[in-house]
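Take a look at the structure below.
This is a predicted model, so every value here is computed, not measured. When reading the values below, keep in mind they use all heavy atoms of this one structure, side chains included, and skip hydrogens, waters and symmetry mates. Each chain gets a letter, A, B and so on, in the order its sequence line appears, and its residues count up from 1.
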2 protein chains.
Amino acid sequence: MSSTRDKSAPLDQSRLAHTLGYAIARAAVTTNQLFAQGVGDPLGLRPVEFTLLQLILSNPATTQKRLCDLLRVPAPQMTLILDRLQERGWLVRERDANDRRALHLRLTPAGTRLAEKSLAALQDSEQALEQVLTSGERLLLQELLAKVAR
Amino acid sequence: MSSTRDKSAPLDQSRLAHTLGYAIARAAVTTNQLFAQGVGDPLGLRPVEFTLLQLILSNPATTQKRLCDLLRVPAPQMTLILDRLQERGWLVRERDANDRRALHLRLTPAGTRLAEKSLAALQDSEQALEQVLTSGERLLLQELLAKVAR
DNA sequence: TATTGTTATACTCTATAACTATA
DNA sequence: TATAGTTATAGAGTATAACAATA
C-alpha cells in the first residue's frame with residue numbers, strides 16, 4: 001500500500017444517486033442475474049424469448065406487429081427471434097385467412113409447457129429477493145415502476 | 001375488421017405482471033428515453049460514458065479495475081470506452097509511480113464541465129417524471145431499487 | 001504466480017434500407 | 001399508396017483468449 005488513499009473503500013456514487021435511470025440500471029443487474037440463473041441458463045432462454053412465450057400464451061393469435069409495438073422491438077429483429085422459437089418447436093405462425101399479410105402466433109403444446117415451467121422457475125428465482133424486500137415493499141416497488149413505464 | 005377480436009385492445013401482460021425483472025425492464029425503457037432526449041443525443045454521450053464521467057469526477061485517480069468491478073464492464077471494453085473519452089479530450093490516464101501496472105483516471109477541465117453539464121441535463125430531463133410520481137414516491141422508488149441492487 | 005491493462009477476434013444484438021405480398 | 005412481414009447488411013455492443021508489463 002503506497003498511497004494514502006484507501007483502495008478498498010467503495011467508490012463514491014453520490015453524483016448518480018439521485019438519477020432514476022442509474023438506480024434502475026443497477027437494479028436490473030440483479031434481476032438479470034436472477035433471470036440467468038433461474039431461467040436463462042437452465043432452459044436456454046433469453047429474456048426477450050421468455051417474454052414472448054408469456055405474451056403469446058396469454059394472447060393467442062396475436063400478430064408480430066402488436067408484439068413489436070409493445071416491446072419496442074424492430075420488426076426484422078422480431079422475425080429472427082420468432083424464427084428461432086419456431087425452429088425449436090415452441091411456436092407456429094398461421095396466416096390470417098382474411099388479411100393474408102398478417103401472421104397469427106400460437107404456442108405449441110411444448111411451447112405452452114415451457115412458458116409455464118419458465119415462469120414458475122423465474123418466480124422461484126426472484127423469491128431470493130425476499131431477503132431484501134418484504135412482500136409489501138415488493139408490491140409497492142412494482143406499482144411505482146409501472147407508473148414510470150406508464 | 002374481419003375478426004371478432006378487438007385488434008386495438010391492449011395485450012394481456014398479466015403473466016408478466018408479477019415478475020420484477022419485467023417491471024424493471026419496462027421502466028428502463030422510459031428512463032433510457034429520457035436519457036437519450038436530454039443527454040445522449042444533444043451531448044453525444046452513451047449511458048456508460050455519462051456514468052464514467054460522474055464516477056471519475058467523484059473519485060479522482062481511481063483505477064480502471066475498480067470501475068470494471070463496480071459497473072460489471074469487462075476490462076477490454078473499459079479500455080475501449082476510456083480510449084474514446086480520452087480521444088475527445090475529457091480524460092487523462094496517469095501511470096501509478098509505485099505500481100506501474102495501474103493507471104489512475106482524471107477528468108480534464110473540459111471533462112469536468114461536461115460531467116456537470118450532463119448531470120444537470122439529465123436531472124432536467126427526469127423532472128418529466130413529476131407528472132407520474134410525487135417527489136415522495138420517487139424517493140421511495142429509489143430506496144427500494146437500491147435494496148434490490150444491494 | 002498473480003495482477004493491470006491492452007490487443008485481437010469472434011459473436012451477438014440492433015438498426016436501416018430494400019424487398020414481397022397483400023390490402 | 002399503405003401495411004405486415006422478410007431479407008440483406010452494416011454497425012454497435014459484448015465476451016473471451018492471448019499477450020505485455022509489472023508486481
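Tested against B:Arg138, the residues B:Glu143, B:Glu126, B:Glu130 include a single salt bridge (charged side-chain N to carboxylate O under 4.0 Å, His left out) partner, B:Glu126.
Atom CG of B:Leu67 is separated from atom C1' of C:dT3 by 17 Å (rounded to the nearest Å). For the pair A:Asp96 CG and C:dA23 C1', the interatomic distance rounds to 12 Å; values are reported in whole Å. To the nearest angstrom, P of D:dA4 lies 13 Å from CZ of A:Arg95. For the pair B:Asp99 CG and C:dT3 P, the computed distance is 12 Å after rounding to whole Å. Computed from coordinates, the B:Glu87 CD to C:dT6 P distance equals 12 Å when rounded to whole Å. The CG-C1' distance, from B:Asn98 to D:dA21, rounds to 16 Å in whole Å. As rounded to whole Å, 17 Å separates atom C1' of C:dT7 from atom CE of B:Met78. Rounding to whole angstrom units, CG of residue B:Leu82 and C1' of C:dT7 are separated by 16 Å.
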Problem set entry | Test log, rule side chain to side chain donor-acceptor pair (under 3.5 Å), inputs B:Arg72 and A:Gln33 | CA-CA 12 Å; B:Arg72 307 201 192 199; A:Gln33 216 166 295; 2.6 Å; yes
For this session: Tell me, with the steps shown, if A:Lys147 and B:Glu137 meet side chain to side chain contact (heavy atoms under 4.5 Å, CB included).
Result: CA-CA 10 Å; A:Lys147 286 192 182 188; B:Glu137 284 175 325; 2.8 Å; yes
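Candidate nucleotides C:dA23, C:dT4, C:dT7 were compared by shortest atom distance to the side chain of B:Arg101, and C:dT4 ranks first. Closest contact between the side chain of B:Gln64 and the listed nucleotides C:dG5, D:dG5, C:dA23 involves C:dG5. For A:Lys65, the side-chain atoms get nearest to D:dG5 when compared with the rest of C:dT6, D:dG5, D:dT22. Distances were taken from every side-chain heavy atom of A:Thr79 (C-beta onward) to each of D:dT22, D:dA4, D:dT6; the shortest belongs to D:dT6.
Heavy-atom nearest nucleotides on DNA chain C were determined for A:Ile81 and for A:Ala97, and the one closer to the 5' end corresponds to A:Ile81.
Using a 4.0 Å cut-off between a side-chain N of Lys or Arg and a carboxylate O of Asp or Glu, B:Arg88 and B:Glu49 qualify as a salt bridge.
Judged purely by atom type and a 3.5 angstrom limit, B:Ser125 uses its side chain to pair as donor or acceptor with the backbone of B:Leu34. A distance-only check finds a donor-acceptor pair linking the side chain of B:Thr19 to the backbone of B:Leu16 [under 3.5 Å].
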Please produce a list of atom pairs where a protein N or O lies less than 3.5 Å from an N or O of nucleotides 15-18 of chain D.
none

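Between the side chains of B:Tyr22 and A:Gln54, not a single donor N or O lies within less than 3.5 Å of an accepting N or O.
When heavy atoms are screened at a 4.0 angstrom cut-off, B:Arg93 is found touching the sugar-phosphate backbone but no base atom.
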